[in-house]
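Computed over heavy atoms, backbone and side chain alike; hydrogens, waters and symmetry mates excluded. Predicted, not measured: the structure shown is a model, and the values here were computed from it.
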Amino acid sequence: GFDGLEANLRHPVFSGLAAAAIREALAARRAHAWAANVPWPLFLNDVLPYACLDEPREAWRADFRRRFGAMVKDAKTRDEAARIVNARIQDETGVKYGTKRRAPNQSPADSMRQSVASCSGLSILLCDAFRAIGLPARVAGVPTWTTINGNHNWVEVWLGADGAPK
């Protein structure tokens with residue numbers, strides 16, 4: 001469980017990016033009651049990962065935990081936290097939808113440097129923001145449409161019983 005994961009961070013295999021991501025994910029879990037009661041299997045599958053798709057790997061979690069954690073410090077439920085982040089992420093990051101971007105699956109820093117991202121890049125950005133504060137999230141999508149070329153991605157966030165909209 002929780003203690004075993006943290007204790008194993010001293011193992012040489014957990015260095016650099018992976019170790020930092022694990023430490024930050026555990027810190028987010030401790031920071032909010034609604035994050036602490038996320039079931040462990042969901043935490044491992046949908047909070048802990050440091051990447052969503054095939055975007056370049058980078059250490060985004062500490063910055064995002066600071067940025068978005070401050071926004072949700074008074075949130076009482078996962079639903080409230082998700083709504084706050086979703087409403088404020090564009091202003092916080094300066095990233096808008098656009099097709100004139102470097103790559104479809106950009107890292108958060110790539111998207112913020114360019115101030116533009118595809119639906120895939122926006123999904124990565126939002127998913128990472130949710131994960132950084134301890135909300136289980138994943139990118140979902142369709143690889144292609146039947147009538148036109150192209151894909152579409154979006155974010156699914158788990159709210160659970162204490163966070164479900166009324």
Side-chain angles (χ1 to χ4, degrees), residues 16-32 34-36 38 42-75 77-145 148-160 163-165:
L17 182 63
I22 293 167
R23 282 187 191 95
E24 287 294 326
L26 292 170
R29 185 173 176 87
R30 288 189 289 265
H32 311 284
W34 40 260
V38 167
L42 271 173
F43 173 81
L44 293 175
N45 197 62
D46 297 318
V47 175
L48 189 59
Y50 58 87
C52 298
L53 302 172
D54 64 347
E55 72 274 18
R57 301 322 190 227
E58 65 182 28
W60 50 264
R61 201 177 290 260
D63 176 46
F64 275 24
R65 189 165 73 84
R66 180 186 52 78
R67 287 176 187 246
F68 299 105
M71 286 179 194
V72 301
K73 66 180 176 19
D74 297 324
T77 65
R78 286 184 288 272
D79 179 60
E80 184 180 359
R83 289 175 188 271
I84 291 167
V85 171
N86 190 54
R88 296 176 59 186
I89 191 167
Q90 185 174 334
D91 289 340
E92 179 62 32
T93 62
V95 179
K96 296 181 179 176
Y97 174 79
T99 57
K100 294 186 178 8
R101 76 285 189 249
R102 187 188 61 73
N105 297 350
Q106 298 174 158
S107 69
D110 275 347
S111 294
M112 289 188 289
R113 270 190 298 276
Q114 297 175 64
S115 299
V116 67
S118 65
C119 62
S120 300
L122 290 174
S123 294
I124 290 165
L125 197 65
L126 182 60
C127 186
D128 287 349
F130 285 155
R131 287 176 174 178
I133 60 168
L135 288 174
R138 63 186 180 191
V139 174
V142 293
T144 189
W145 299 104
I148 59 171
N149 279 342
N151 70 316
H152 184 60
N153 288 315
W154 59 89
V155 175
E156 296 177 341
V157 60
W158 182 82
L159 300 177

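At least one side-chain heavy atom of Val38 sits less than 4.5 Å from a side-chain heavy atom of Arg29. Between Val47 and Leu42, the closest side-chain pair of non-hydrogen atoms is not below 4.5 Å. In this structure, the side chains of Asp128 and Cys52 come closer than 4.5 Å at one or more pairs of heavy atoms. With a 4.5 Å cut-off on side-chain heavy atoms, Pro56 and Asp110 count as touching.
In this structure, Arg61 CZ and Leu17 CG are separated by 9.5 Å, a value rounded to the nearest 0.5 Å. Taking CG from Asp54 and CG from Asn105, the interatomic distance works out to 4.5 Å, rounded to the nearest 0.5 Å. With rounding to the nearest 0.5 Å, the separation of CD in Glu156 from CG in Asp46 is 9.0 Å. Asn153 contributes atom CG, which lies 10.5 Å from atom CG of Leu122 (distance to the nearest 0.5 angstrom). Here the straight-line distance linking atom CZ of Arg66 with atom CD of Glu24 works out to 11.0 Å at 0.5 Å rounding. If you take CH2 on Trp60 and OH on Tyr50, they are separated by 11.5 Å, rounding to the nearest 0.5 Å.
Heavy-atom minimum distance, Ala28 versus Ala35: O-CB, 3.6 Å. Between Ala132 and Arg65, the shortest heavy-atom distance links the atoms O-CG, 3.3 Å. Smallest separation of non-hydrogen atoms from Arg78 and Leu159: NE-O, 2.8 Å. When all heavy atoms of Ser123 and Val155 are compared, the pair lying nearest together is O-CG2, 3.2 Å.
No side-chain donor-acceptor contact under 3.5 Å links Arg131 to the backbone of Ala25. No donor-acceptor distance shorter than 3.5 angstrom exists from the side chain of Trp34 to the backbone of Ala81, with no hydrogens or angles considered. Here the side chain of Glu80 pairs no donor or acceptor atom with the backbone of Val72 at under 3.5 angstrom.
For the pairing with Ser107, the side-chain hydrogen bond (donor to acceptor under 3.5 Å, both in side chains) check across Glu58, Arg113, Glu55, Arg57 returns one residue only, Glu58.
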With a 3.5 Å cut-off and sequence neighbours excluded, list the donor-acceptor pairs that the side chains of residues 85-95 form with protein atoms.
residue: Glu92; atom: OE2; partner: Arg67; partner atom: NH1; Å: 3.1
residue: Thr93; atom: OG1; partner: Ile89; partner atom: O; Å: 2.8
residue: Thr93; atom: OG1; partner: Val95; partner atom: N; Å: 3.4

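Aromatic ring orientation, Phe68 versus Phe64: perpendicular (interplanar angle above 60°, classes split at 30° and 60°).
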